[in-house]
Amino acid sequence: MPSPEATQHTMSLLGLFWQADPIVKAVMLALVLASIAVWAVVLEKLFQLSRLRREAARFEQAVRNEQLNNDGTGLAADILNAGQLEWQERDVTHESRGEMRERFERAMRAVMGARLRATEPGLPLLATVGSVSPFVGLFGTVWGIMNSFTAIASSNDTSLAVVAPGIAEALFATAIGLVAAIPAVIAYNKLSTDLGRIGQRFSAAITECSARMIRREAA
């Protein structure tokens with residue numbers, strides 16, 4: 001009969017990993033790496049979205065104050081510069097105000113869209129990990145339980161001491177899958193929603209900016 005110390009060591013998280021079947025170990029390692037990748041993407045996107053919020057606030061303030069000539073740097077300046085370039089190339093003879101406004105907005109939205117699309121890489125990884133990790137963990141669990149039943153058949157012993165370690169290893173794989181999946185799903189929903197809201201802020205400010213340009217042309 002194993003000593004209490006050996007039983008405690010065997011049933012520890014690290015002990016469950018080292019005693020697991022090679023396939024179950026591979027599943028656990030893959031899920032741990034996926035979890036690390038998820039948190040790396042989350043931290044990167046939080047930083048990027050923070051910068052985009054500041055740029056959106058700068059752009060909104062510039063439009064409110066009618067500071068439409070911007071020589072600075074950043075997304076707000078790039079959008080304003082795109083609008084100013086179209087303003088300088090306008091053709092008041094052959095273009096109506098509606099056509100000019102549409103051209104201004106199209107140029108500014110192209111710059112905004114390119115920047116927002118550059119922020120999207122990494123989000124599909126969160127969606128993939130969030131949807132796949134539970135099933136990968138479940139695969140490790142099923143494989144571990146199969147090994148437990150094989151051990152029972154080989155030893156002809158159905159006692160809990162024989163079955164428990166294998167089942168614990170198997171369930172540990174499912175737990176790691178959930179640890180990877182839950183933050184990934186929450187982060188994907190949060191980051192996607194925030195990115196969409198930032199895009200809406202830019203779009204609304206672009207519409208107001210083009211309207212002010214047209215009013216300035218009329219004046």
Side-chain angles (χ1 to χ4, degrees), residues 34-131 133 179-219:
S35 181
I36 294 173
V38 163
W39 285 107
V41 170
V42 168
L43 294 176
E44 178 191 16
K45 297 307 171 188
L46 288 176
F47 176 73
Q48 292 178 341
L49 291 180
S50 177
R51 292 182 58 184
L52 286 176
R53 288 191 188 94
R54 291 196 297 269
E55 291 294 331
R58 286 179 54 193
F59 184 53
E60 291 169 341
Q61 183 178 5
V63 172
R64 283 194 301 267
N65 298 334
E66 295 193 7
Q67 298 172 347
L68 305 182
N69 295 312
N70 195 321
D71 297 327
T73 59
L75 180 56
D78 292 341
I79 293 175
L80 288 173
N81 290 337
Q84 285 299 319
L85 181 61
E86 292 296 326
W87 169 269
Q88 294 169 6
E89 296 180 354
R90 69 192 185 282
D91 186 354
V92 296
T93 305
H94 300 91
E95 281 186 316
S96 66
R97 293 178 183 175
E99 291 172 336
M100 283 191 291
R101 179 172 180 175
E102 182 180 356
R103 187 156 56 84
F104 297 158
E105 290 188 12
R106 184 168 58 248
M108 290 186 287
R109 290 181 192 278
V111 175
M112 176 200 71
R115 179 63 179 276
L116 294 183
R117 285 192 299 272
T119 311
E120 291 177 356
L123 293 181
L125 174 65
L126 299 181
T128 301
V129 171
S131 59
S133 290
V179 167
I182 293 173
V185 172
I186 295 174
Y188 176 79
N189 292 333
K190 171 64 175 174
L191 296 174
S192 298
T193 301
D194 289 350
L195 186 60
R197 289 175 178 172
I198 292 172
Q200 292 173 358
R201 289 179 61 183
F202 274 111
S203 295
I206 285 173
T207 301
E208 179 63 22
C209 181
S210 63
R212 291 176 182 269
M213 286 181 173
I214 293 300
R215 287 198 294 267
R216 187 171 65 178
E217 172 66 26

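- Note that CE of Met108 and OG of Ser210 are 5.0 Å apart. Values are rounded to the nearest 0.5 Å.
- A salt bridge links Glu55 with Arg58: at least one charged nitrogen is closer than 4.0 Å to a carboxylate oxygen.
- Smallest separation of non-hydrogen atoms from Tyr188 and Leu123: CD1-O, 3.3 Å.
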Chi angles and distances behind the side-chain contact (heavy atoms from CB on, under 4.5 Å) call for Leu195, Leu52: CA-CA 9 Å; Leu195 186 60; Leu52 286 176; 4.1 Å; yes
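- Between the CG atom in Leu191 and the CD1 atom in Ile186 there is a gap of 11.5 Å [rounded to 0.5 Å].
- Residue Leu116 holds its CG atom at 11.0 Å from CD of Gln48, rounded to the nearest 0.5 Å.
- In this structure, the separation between OG1 on Thr119 and CD1 on Ile198 is 8.0 Å, given to the nearest 0.5 Å.
- Here the CZ atom belonging to Arg117 is positioned 9.0 Å from the CE atom belonging to Met112, to the nearest 0.5 angstrom.
- Closest approach of Glu120 to Lys45, counting heavy atoms only: C-NZ, 4.2 Å.
- Around CZ of Phe59, the count of heavy atoms belonging to other residues, nucleotides or ligands within 6.0 Å exceeds 12.
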So Thr207 and Arg109, side chain to side chain donor-acceptor pair (under 3.5 Å) or not? Walk me through it. CA-CA 9 Å; Thr207 301; Arg109 290 181 192 278; 3.0 Å; yes
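- Among Thr128, Ile182, Leu43, Val129, the single residue meeting the side-chain contact (heavy atoms from CB on, under 4.5 Å) criterion with Val38 is Val129.
- Between Ala184 and Gly130, the shortest heavy-atom contact is CB-N, 3.7 Å.
- Surrounding CZ of Arg51 are at most 12 heavy atoms belonging to other residues, nucleotides or ligands under 6.0 Å away.
- Residue Glu208 qualifies as enclosed at atom CD: its count of foreign heavy atoms under 6.0 Å is above 12.
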Should Leu75 and Val111 be marked as a side-chain contact (heavy atoms from CB on, under 4.5 Å) after you check the CA-CA gap, both sets of side-chain angles, and the distance that decides it? CA-CA 8 Å; Leu75 180 56; Val111 175; 4.2 Å; yes
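- One distance of note links CG of Asp78 with CZ of Arg115; it measures 8.0 Å at 0.5 Å rounding.
- A donor-acceptor contact shorter than 3.5 Å is absent between the side chain of Ser50 and the backbone of Leu46.
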